[in-house]
J.: 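I'd like to ask some things about the structure below.
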Amino acid sequence: MNTSTLPKFAQQLILAVLMVCLLLIWLDNTVMSTTLETLADPVHGLNAGPAELQWATGSYTLAFATLMFTAGALGDRFGHRTVLVTGLVVFAASSLWAAYAGDAGQLIAARAAMGVGSALIMPATMAILMWTFTGPARSTAIAISSTSAGVGMAVGPVLAGVLLDHFWWGSVFLVNVPVAILALIGIALLVPDFRSPVVRPLDPAGMLLSVTGLAALAYGLIRAGQVAAWGRTDVWAPILVGLVLLAVFVRVELRSKRPGFDPRLLAQRAFGGGNVALGLLLFAVAAVTFYNAFYLQGARGYSPVEAGLTGLPTALGAIFGAPVGARLVHRWSLRPVAVTALFVAALTMGAYGLFGVGTPLVRIEAVLLVQGLSIGMALGPVTAALISTLPLERAGAGSAVTNTARQTGSVIGIAVGGTILSIVYRRAIEPSLDGVPGPVREQALVSAEQARHAATTSRLPTLGHAADDAFVHAMHVGAVWTMCVTLLGAVVLLLALRPVREPAPVGGEPEPAGHGGPAPDAAVSPDGTEGRPAREGDDVRTL
């Protein structure tokens with residue numbers, strides 16, 4: 001399919017369809033965070049404990065992270081439209097399963113299946129976008145498509161709140177079905193079946209190693225929160241096995257002539273460092289989102305709708321932050337803008353350490369707005385720069401590498417964040433449980449949600465207050481390490497995007513190219529160095 005034959009109006013319609021597909025993924029992410037408190041409720045939810053809630057969130061992200069590079073290879077082999085349609089069907093069917101899950105175990109399995117659908121959707125969507133657009137229009141399309149994340153962040157929590165206030169918790173998953181059907185109709189009518197001229201192997205060994213490695217690592221981290229200890233065999237052994245399997249995975253991919261997930265791309269300073277920085281950012285964002293859901297609805301006592309509305313500044317900030325960041329990058333370059341944005345994002349995450357049960361809402365909203373703006377200013381421009389450096393024939397594989405790094409950060413962020421929250425909460429509430437009956441004590445040690453329920457049924461109001469205080473203390477501890485992780489991401493990005501000056505040829509000065517820029521036959525990489533040969537349609541201004 002020659003994209004030059006597509007009229008501009010057709011390209012715009014295709015972009016709209018692709019944004020609906022991406023919106024579906026982001027809607028589900030934000031809807032789930034709003035539903036966590038309800039799922040933990042013994043009466044109106046599934047009586048899910050902290051570990052089950054971590055897995056309900058993490059199983060989706062785990063499947064998403066580890067299957068994307070395989071999905072990219074499937075798109076190259078069978079056509080990206082075919083893979084996109086398959087992903088939407090899987091996502092819709094598993095959403096139905098999740099909506100009617102009878103217990104936490106079924107919900108976890110359904111969420112993993114939804115992650116499989118998302119893994120098929122994401123790389124196919126980005127590949128179709130890159131095949132559809134060329135030149136400056138491609139960079140513009142990437143920037144526009146990235147706003148789907150902000151829209152999903154804005155609409156998802158409020159939509160979930162309305163549904164939870166009027167229907168049962170499963171309705172938040174059922175809403176995915178009509179959106180998926182709308183996307184399928186648009187794909188059937190508008191989207192050509194693009195295929196890469198280079199067919200890559202499916203790499204089942206790499207897929208198996210990455211899935212089992214990340215699953216074992218996440219299991220060990222989550223198990224530590226359940227037992228409130230790091231030294232037990234059932235904690236450190238899975239973590240060790242997971243790290244070994246992931247190391248073997250990298251070695252296998254490096255030895256492969258045509259790997260499904262190419263670690264060599266991450267060895268490039270700008271591409272690899274940029275992905276590590278975004279992975280660390282998403283690591284911290286996942287943990288903060290997990291904390292915030294229980295802070296607003298649990299400790300603050302907000303309804304789902306009120307919690308969704310409270311989170312709107314973050315979403316709106318992310319929506320406006322991406323285009324603002326792009327304009328600032330055009331004026332001052334990527335490095336100072338993105339690094340500064342990450343630094344500010346780190347400070348806003350540390351500000352959670354100042355929140356309490358009685359913190360004025362206006363202060364919380366101000367922090368969330370700045371947080372959304374800074375994340376959007378970093379995430380959008382850096383993602384656009386990384387994707388724009390990819391060879392067109394490797395669009396599916398390269399975008400899968402970028403998204404896998406980000407989703408892996410989210411998986412580990414949920415596991416580590418939830419575990420730290422559980423351990424610190426348990427240690428903080430134990431002194432308040434002296435004299436509390438045994439069954440109530442055991443219930444209170446599980447989570448703040450269980451403690452509040454036990455306090456209500458046992459008529460022990462002081463226990464509810466103690467649970468709130470213990471949770472807030474645990475959130476304060478979490479705020480410190482999420483801030484440190486984001487600061488580390490800023491340092492990594494600062495180093496990754498540092499300019500490299502080529503030494504002048506012996507015997508004279510280098511010949512100028514244009515107005516002191518790179519040679520016209522080279523595309524500029526995010527760190528300002530010359531990269532691969534430019535192709536027709538490259539937009540070097542965005543790189």
Side-chain angles (χ1 to χ4, degrees), residues 32-33 36 39-40 42 45-66 101 103-112 115 208-249 279 282-284 286-291 293-294 407-430 441-451 467 470-471 473-475 477-478 481-482 485:
M32 184 64 191
S33 65
L36 291 174
L39 291 172
L46 295 176
N47 194 27
E52 291 171 322
L53 293 175
Q54 285 174 271
W55 276 115
T57 305
S59 63
Y60 169 87
T61 314
L62 177 65
F64 195 1
T66 54
D103 54 42
Q106 291 184 28
L107 178 62
I108 292 169
R111 290 282 297 164
L208 180 62
L209 286 168
S210 61
V211 171
T212 54
L214 266 181
L217 179 60
Y219 174 82
L221 293 171
I222 293 174
R223 182 62 179 164
Q226 289 180 283
V227 300
W230 293 96
R232 290 177 42 151
T233 305
D234 56 348
V235 172
W236 63 261
I239 293 175
L240 180 61
V241 169
L243 293 174
V244 170
L245 288 174
L246 291 175
V248 174
F249 162 68
L282 269 295
F283 178 104
V288 165
T289 302
F290 194 78
Y291 296 161
F294 296 106
Q407 294 301 322
T408 299
S410 296
V411 171
I412 306 303
I414 292 167
V416 175
T419 293
I420 291 178
L421 186 69
S422 296
I423 291 176
V424 177
Y425 163 80
R426 185 173 301 185
R427 292 176 179 174
I429 200 173
E430 278 182 342
R441 174 186 174 87
E442 292 301 318
Q443 190 175 3
L445 285 172
V446 173
S447 66
E449 289 67 40
Q450 295 286 341
F471 171 83
H473 172 69
M475 184 180 71
V477 174
W481 71 263
T482 52
V485 168

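These numbers come from the heavy atoms of this one structure, side chains and all, not from hydrogens, waters or symmetry mates.
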J.: Could you pull out the closest heavy-atom pair between Tyr425 and Ala451, with the gap in Å?
T.: OH-CB, 3.4 Å

J.: So which heavy atom on Ala112 is nearest to which on Ala63, and how close?
T.: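 Shortest heavy-atom separation between Ala112 and Ala63 comes out as O-CB, 3.5 Å.
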
J.: Any non-hydrogen side-chain atom of Ile414 less than 4.5 Å from a side-chain atom of Tyr60?
T.: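 Result no, sub-4.5 Å side-chain heavy-atom pair not found.
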
J.: Tyr219 side chain to Gly242 main-chain N or O, any donor-acceptor pair under 3.5 Å?
T.: no

J.: Do Met475 and Val424 have side-chain heavy atoms sitting under 4.5 Å apart?
T.: no

J.: Do Val485 and Trp481 come within less than 4.5 Å of each other through their side chains, counting heavy atoms only?
T.: yes

J.: Before you tell me yes or no, could you show the steps for Asn47 and Gln450 under side chain to side chain contact (heavy atoms under 4.5 Å, CB included), namely the whole-Å CA-CA distance, both residues' side-chain angles and the distance that decides it to 0.1 Å?
T.: CA-CA 9 Å; Asn47 194 27; Gln450 295 286 341; 2.8 Å; yes

J.: Of all heavy-atom pairs between Val235 and Ile239, which one has the smallest distance, and what is that distance?
T.: O-CG1, 3.3 Å

J.: Check Pro238 against Thr233 and note the closest heavy-atom contact, atom names and distance.
T.: CD-O, 3.6 Å

J.: Quick check: does any side chain N or O of Arg111 sit under 3.5 Å from a backbone N or O of Ala56, one acting as donor and the other as acceptor?
T.: yes

J.: Would you name the heavy atoms of Ala287 and Gly417 that are closest together and state the gap between them?
T.: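 Looks like CB-CA, 4.1 Å.
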
J.: Looking at CE of Met32 and CZ of Phe290, how far apart are the two atoms once the value is rounded to the nearest 0.5 Å?
T.: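 It is 9.0 Å, given to the nearest 0.5 Å.
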
J.: Counting C-beta onward and ignoring hydrogens, is there a side-chain heavy-atom pair between Ile412 and Leu214 closer than 4.5 Å?
T.: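 Yes. Closest side-chain heavy atoms under 4.5 Å.
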
J.: For Ala286, does its backbone N or O pair with a side-chain atom of Ser410 as donor and acceptor, under 3.5 Å?
T.: no

J.: For the atom pair CG (Leu36) and CD (Glu52), what is the distance rounded to the nearest 0.5 Å?
T.: 12.5 Å

J.: CZ of Phe283 to OG1 of Thr482: how many Å apart, nearest 0.5 Å?
T.: 9.0 Å

J.: Please report the closest heavy-atom contact between Ala104 and Ala48, naming both atoms and the distance.
T.: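 Looks like CB-CB, 4.4 Å.
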
J.: Out of Leu245, Leu243, Val244, which residue meets the side-chain contact (heavy atoms from CB on, under 4.5 Å) rule with Val241?
T.: Leu245

J.: Would you mind reporting whether Phe471 and Leu421 have side-chain heavy atoms less than 4.5 Å apart?
T.: yes

J.: Name the residue from Val211, Leu209, Thr212 that meets the side-chain contact (heavy atoms from CB on, under 4.5 Å) definition with Phe249.
T.: Leu209

J.: Looking only at atom types and distance, does a side-chain atom of Thr419 sit under 3.5 Å from a main-chain N or O of Leu221, one as donor and one as acceptor?
T.: yes

